[in-house]
Amino acid sequence: MSGGRDMGGDAREDGAGEGAPSAPGSSGASGGADSGAGVGAGTEGAAGAGGNGAAGAGVAAGAGVPAAGVAAGPTADTVTVEARPEVRSLAELEQRAAAGRNGAVYGQDSLITCDRLVRIFTADGVEVQALQGLDLLVGKGELMALVGASGSGKSTLLNILAGLDVPTAGAASVGGYDLLAMDAAARLRYRREVVGFVWQQTARNLLPYLTAAQNVVLPMQLAGRSGLRAKRQRSARAGELLDMLGVGYCRDRRPGQMSGGEQQRAAIAVALANNPSVILADEPTGELDSATGEQVFASFRTANEELGTTVVVVTHDHAVSGAVQRTVAIRDGRTASEVVRRTEVDEHGQESVVAREYATVDRAGRLQIPRDYTEALDIRSRVLLELEPDHIGVWPDRPEE
Ligand SMILES: Nc1ncnc2c1ncn2[C@@H]1O[C@H](COP(=O)(O)OP(=O)(O)OP(=O)(O)O)[C@@H](O)[C@H]1O
């Protein structure tokens, strides 16, 4: 992981600045002791910064062409800070356009790519913009969470990724499937073979008149071949999946004979039945007590670690959002910030998990400054930007003293 905006050593697990305000500038990551809301882009991600004479020039955002541009790199996690050079000639313009065309395609190495995704609902003549140009990349094998306030667009996004809903505009792909261009047959294949889904309501995940094993076999039957050998293989796979998730003893029980946690773990086995690339889960621990929720989350982790399945969980559960490698916060239909956790080993060999919060820079170069930061420094409509060799300073727009 390179670049990104280190918003403080202690990440706020609720993400998106939606939790309790934290003191801005406490990270010590920005330049200058009196820098206020200085934004310290990590030095790794600042390649190319300060490459021309524009560095260090104070610029009032919104007042003409800024001298310093912040542009998203090839992935949402890679932030390239570049000074915007003056255009000198037509030849240079052409050269830059060609470089753009030949550059890395956004999300080309990701399993899930959402590019400026828009979803507008119309109800009773009123338009609701549930997704407002959302960018998101998820790598193969990731275990990540989506968080955000109620109504921020999480379920809308998950339904699109599940192939249950179609975006109004933008682009979205999962495992090479273009979610806007699939015909009915491709959509069915996608939902059977590429994604698995776990809902919050336990009753929605399992058919009540089938045993746990029969529930796991069902998607394989729908997708698979007939014949005795295939039947035995399906049954064996159902048993293996239930065993792997710690609910093998429930294989002959119907949902009504299982606890909520057991049902959710069996539901994960159902979602895994056809060996999907990704499992999407919407509040899978929402109806469970914390101890049971932890067991269910452990099953997602097992699926991720043992089978390499990518897992995307929408959650309000802090135990879940705090335990994944990456937590992306959605605010007002856009990705706003993310917390990335890494295990670091100190000089005594002691391991600890270090969480850092990053602000998202979207494809147009827009950066959302968390509300508690802007409020703390009374930042309103504009800020001063200063491009330094290894970071960008963001300054409140105060009248000259
Ligand atoms: N089918 C629909 N018709 C009209 N508006 C909708 C529809 N589905 C969602 N919305 C609206 O879109 C916005 C985003 O809703 P969404 O369910 O995605 O939010 P959410 O972040 O999942 O919220 P929660 O955490 O409460 O589940 C909300 O304003 C919601 O009212």
* Asked: Would you call Leu241 and Arg237 a side-chain contact if the rule is heavy atoms closer than 4.5 Å?
  -> yes
* Asked: Is the closest side-chain donor-acceptor distance between Asp252 and Thr211 under 3.5 Å?
  -> no
* Structure fact -> In terms of heavy-atom contacts, Ala271 and Val198 come closest through CB-CG2, 4.0 Å
* Charged N to carboxylate O under 4.0 angstrom, Asp332 versus Arg334? -> no
* Mind checking the OG1-CG spacing from Thr315 to Leu146? Nearest 0.5 Å is all I need. => 10.0 Å
* Does some side-chain heavy atom of Ser173 sit less than 4.5 Å from a side-chain heavy atom of Leu179? -> no
* For Ala359 and Leu367, which heavy atoms make the closest approach, and how far apart are they? -> CB-CD1, 3.5 Å
* Pairs where residues 159-189 contributes a residue and the test ring-ring contact (aromatic ring centres under 6.0 Å, His included) is met, not counting sequence neighbours -> Tyr177-Tyr190
* Distance-only, no hydrogens or angles: does the Gln257 side chain make a donor-acceptor pair with backbone N or O of Arg254 under 3.5 Å? -> yes
* What is the distance from atom CG of Leu131 to atom CZ of Arg116, rounded to the nearest 0.5 Å? -> 15.0 Å
* To do: Report yes if the side chains of Met258 and Gln263 come closer than 4.5 Å at any heavy-atom pair, otherwise no.
  => yes
* If you look only at pairs with a residue in residues 145-174, which of them pass as a salt bridge (Lys or Arg N to Asp or Glu O under 4.0 Å), with sequence neighbours excluded? -> Arg119-Asp165
* Quick one: does Gln264's side chain have a donor or acceptor within less than 3.5 Å of a partner on Trp199's backbone? -> yes
* Asked: Counting distance only, does the side-chain N/O of Gln325 pair as donor-acceptor with the main-chain N or O of Leu143 below 3.5 Å?
  -> yes
* To do: Please report the C-alpha distance between Asn205 and Val270 in whole Å, then the side-chain angles of each, then the deciding distance to 0.1 Å, and finally whether the side chain to side chain contact (heavy atoms under 4.5 Å, CB included) criterion is met.
  => CA-CA 8 Å; Asn205 293 316; Val270 173; over 6 Å; no
* To do: Specify the closest pair of heavy atoms between Arg251 and Ser235, including all atoms of both residues, with the distance to one decimal.
  => NH2-OG, 3.8 Å
* Structure fact -> Heavy-atom closest pair (Arg265 atom, Tyr249 atom, distance to 0.1 Å) is NH2-OH, 4.1 Å
* Structure fact -> For Pro276 and Gly196, the nearest pair of non-hydrogen atoms, with its separation, is CB-N, 3.8 Å
* Asked: Hey, does Val312 have a side-chain heavy atom less than 4.5 Å from the side chain of Ile279?
  -> no
* Asked: Under 4.5 Å between any side-chain heavy atoms of Val313 and Val324, yes or no?
  -> no
* Flag, side chain of Thr122 to backbone of Glu127, donor-acceptor distance under 3.5 Å -> no
* Measuring from Glu287:CD to Thr292:OG1, what's the distance to the nearest 0.5 Å? -> 12.0 Å
* Asked: Do Glu388 and Glu386 touch side chain to side chain, with heavy atoms closer than 4.5 Å?
  -> yes
* Asked: side chain to side chain donor-acceptor pair (under 3.5 Å) between Arg341 and Thr327: does it pass, once the steps are laid out?
  -> CA-CA 9 Å; Arg341 296 172 190 81; Thr327 304; 3.0 Å; yes
* Asked: Are side-chain heavy atoms of Met244 and Leu272 found at a separation under 4.5 Å?
  -> yes
* Asked: Taking the side chain as C-beta and beyond, is there a heavy-atom pair between Val138 and Thr310 under 4.5 Å?
  -> yes
* Does Gly163 offer a backbone N or O that forms a donor-acceptor pair with the side chain of Arg187 under 3.5 Å? -> yes
